[in-house]
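Below, chain A is the first sequence line, B the second, and so on; all start at residue 1. Note: hydrogens, waters and symmetry copies are ignored here, and every other heavy atom, side chains too, is used.
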Number of protein chains: 2
Amino acid sequence: MRPTVHDIAAEAGVSLATVDRVLNNRPGVRSVTRDRVERAIVTLGYVRDVAAANLAKGRSYPFVFILPAGENSFMRGLEAELRSAMARSAAERTNITILSVPAFDAQALAAALSQAHQRRPAGVAVVAVDAPEVTEAVKQLRMDGIAVVTLVSDLPGSGRDHFAGVDNIAAGRTAGTLMGRFLGDREGPVAVLAGSMLVRDHRDRLEGFRAVMGEAFAGRKILPVIEGQDNPALVEELVDTLLARHPDLAGIYSLGAGNRGLVAALEKAGRARTICAIAHELTPHSRAALLSGTIDAVLNQDAGHEVRSAIRVLKAKADGLPVIEAQERIRIDIFLKDNLPIEQA
Amino acid sequence: MRPTVHDIAAEAGVSLATVDRVLNNRPGVRSVTRDRVERAIVTLGYVRDVAAANLAKGRSYPFVFILPAGENSFMRGLEAELRSAMARSAAERTNITILSVPAFDAQALAAALSQAHQRRPAGVAVVAVDAPEVTEAVKQLRMDGIAVVTLVSDLPGSGRDHFAGVDNIAAGRTAGTLMGRFLGDREGPVAVLAGSMLVRDHRDRLEGFRAVMGEAFAGRKILPVIEGQDNPALVEELVDTLLARHPDLAGIYSLGAGNRGLVAALEKAGRARTICAIAHELTPHSRAALLSGTIDAVLNQDAGHEVRSAIRVLKAKADGLPVIEAQERIRIDIFLKDNLPIEQA
DNA sequence: CTGTTAGCGCCTTCAC
DNA sequence: GTGAAGGCGCTAACAG
């Protein structure tokens, strides 16, 4: 049987209360006594039963999650994952509130952050827009000891505790390698379609993509970036124009959302099979387009992992515990039509 | 505050013990009483606190894991993951024993299974070899109410409770699509290198690969399968011969282990960059080869996920609880040099 | 059939 | 500074 607090108390010749004080390094123990207890802990190889500790504490963690509103399927999927995490919140002793803000709107986001602040939560997770007022709002939270995790899109320089999202430079590089190799010797330029250069994740993907294309496929021409605001209708319009203007277009890298518009435009023009399309985020639409062959590859970040990681990290930070960064790293999934995961209910 | 057993007892006008009996559907409750309790559970929206239940039960789960011995990096990585799960076993109330058997040896595996049987564990996880004596041994375990999960390589028809591994037909298909697209118009045949046709996972990958090549890249010639027994030295020898015989070889799909040998042979022959190589399992060797460009893509199954999933499923089966199959599905990861995960310590 | 009681391992008053 | 006692939510004897 593994040792318990009783065993330590016996071994050290003190009471349970004292052991507990040492365990949670609370004040009120002479350092001699503390030493004795710590020695007992080591010799017995004691490991605290976290479940029992939480049970006794009855602690719960109030968190606020701030997500962009709108039709964006990825974000709606993320919200669904969050809601299913909330369903488990009884068991996990977490208490989550969702705040919704217009996409790409720094002002609104900053306001939401201070609204979150007023609730005095133990932690906040936010899909960041890279702007000074947002950075400032995050700093305010941190100054009040509230843990902050950026989700999906980062905000470096804000002092956030952690970023729960993928390495978007690497994601852009991955897209570049796939594009270059899938195209092979085929002639023609490649277009890049982004949501907005206001968010860090899109900027990073672009940087990675351009870097690889420059290094490994230097002969390939990259057209200027098109910004579709993650809005399917706008994306469709822009791609219509693009296709009309470039009859020799060989590939499109869509690094943001709104892929419904991309797919519609490609199919309408009858160029779904001839243009190599690489997009981000597995949604019902991108999945269908992958299966039909309109999209050739989808890079994905697992929203469920991101949400669960954010919650784990917020808990750890709230308790002042260390985070094993390597363990919280979110992978860049590559999906072809052949390795699609089973559709969830 | 969420409702507890006390609240239910009060609401239903019974004692704690009765509530507990209903909760764990143990016998000894009149159906009228049972109904009353169940109604209380629903009206109060009660959710059992699993942590507290486990604490009270003090239950622990003795499991046996049977793994192939040998140098195979993937299997050693799997074992490492298992050992780190064992390190957490205090917290998870699990008690794991590892049994090691020679690879691809059905006799030895069957013997190990009955050795595991004698320990009367709550569950057994096994990397299966597809042979009648193994199937029989698994059936024996199941007949004694011991849960059995196959790990990495499946054993259909054995009545195992669950398979913790990837869909290897899909993995083979994925490799096929990547190979076909990476090669593009480039001429030349493709070779397939397997470990052994005795294990199900290798057979399945081959099937998927051939299917896609036949459907989508029908012009491409596939050479007869080479079996390297997952042994680097043997693989190197076989690939040496292969390369000598086929100066026009365009690609190699290595669907088993022993990739050290493959990499050595390709580099020795100076054909590392001209032949498109796709392999399985991310190990220190395949990672290095991916970075150097000798291997073009690696398909991976996350050994950590597999181990943790196997343990979760064994626990659930041991408790007679249902398993959400979709949630235990193991993904097929695709790695290029650009999206390699950070190296773990 | 049903209820009482005493823990599981830990934390938290409140005395001393 | 330290200790004793009670309780977190649930389960498991053991009585009735």
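Nearest heavy-atom pair across A:Thr97 and A:Arg119 is OG1-NH2, 3.5 Å. Closest approach of B:Phe63 to B:Thr94, counting heavy atoms only: CD1-OG1, 4.2 Å. Contact between A:Ile330 and A:Ala164 at its shortest, heavy atoms only, is CG1-C, 4.4 Å. The shortest heavy-atom contact between B:Arg93 and B:Asn54 is NE-O, 3.9 Å.
Listed for the B:Asp144 side chain is no donor-acceptor partner under 3.5 Å among the backbone atoms of B:Ile146. The main-chain N or O of A:Arg39 is found under 3.5 Å from a side-chain atom of A:Thr43 such that the two form a donor-acceptor pair.
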_Does A:Glu79 form a salt bridge (charged side-chain N to carboxylate O under 4.0 Å, His left out) with A:Arg83? I'd like the steps, not just the answer._
CA-CA 6 Å; A:Glu79 184 172 339; A:Arg83 292 195 185 279; 2.7 Å; yes
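With salt bridges taken as basic N to acidic carboxylate O contacts below 4.0 Å, one links A:Arg26 and A:Asp20. Between B:Arg142 and B:Asp161, at least one side-chain N (NZ, or NE/NH1/NH2) sits under 4.0 Å from a carboxylate O, which counts as a salt bridge. Between A:Arg331 and B:Asp302 a salt bridge is recorded (basic side-chain N to carboxylate O distance below 4.0 Å).
The span of DNA chain D lying next to chain A, judged by atoms under 4.0 Å from heavy atoms, is bounded 5' to 3' by D:dG1 to D:dG9.
With sequence neighbours left out, the salt bridge (Lys or Arg N to Asp or Glu O under 4.0 Å) criterion links B:Arg48 to no other residue. The side chain to side chain contact (heavy atoms under 4.5 Å, CB included) search around A:Pro62 returns A:Ala122, not counting sequence neighbours.
When the C1' atoms of four end pairs are superposed on the next four at each end of the helix from C:dC1-D:dG16 to C:dC16-D:dG1, using five pairs per end, the two resulting axes differ in direction by 40°, to 10°.
Within the 4.0 Å cut-off from OP1 or OP2 of C:dG9, not a single side-chain nitrogen or oxygen of A:Thr4 is found. Contact annotation: B:Thr18 side-chain N/O to C:dT2 OP1/OP2 distance is not under 4.0 Å.
Residue-level contact check: B:Val19 touches neither bases nor backbone, having no heavy atom under 4.0 Å from any strand. Using a 4.0 Å heavy-atom cutoff across all strands shown, A:Gly28 reaches at least one base atom of the nucleic acid.
Near-neighbour residues of DNA chain D inside residues 29-45 of chain B, defined by a heavy atom below 4.0 Å, are absent.
Remark on DNA chain C: of its neighbouring residues A:Pro3 and B:Gly13, the 5'-side contact belongs to B:Gly13, judged by nearest-heavy-atom nucleotide.
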Contact list (N/O, under 3.5 angstrom) for nucleotides 12-16 of chain C vs protein:
from   : atom 1 : to      : atom 2 : distance (Å)
C:dT12 : OP2    : A:Arg26 : NH1    : 3.1

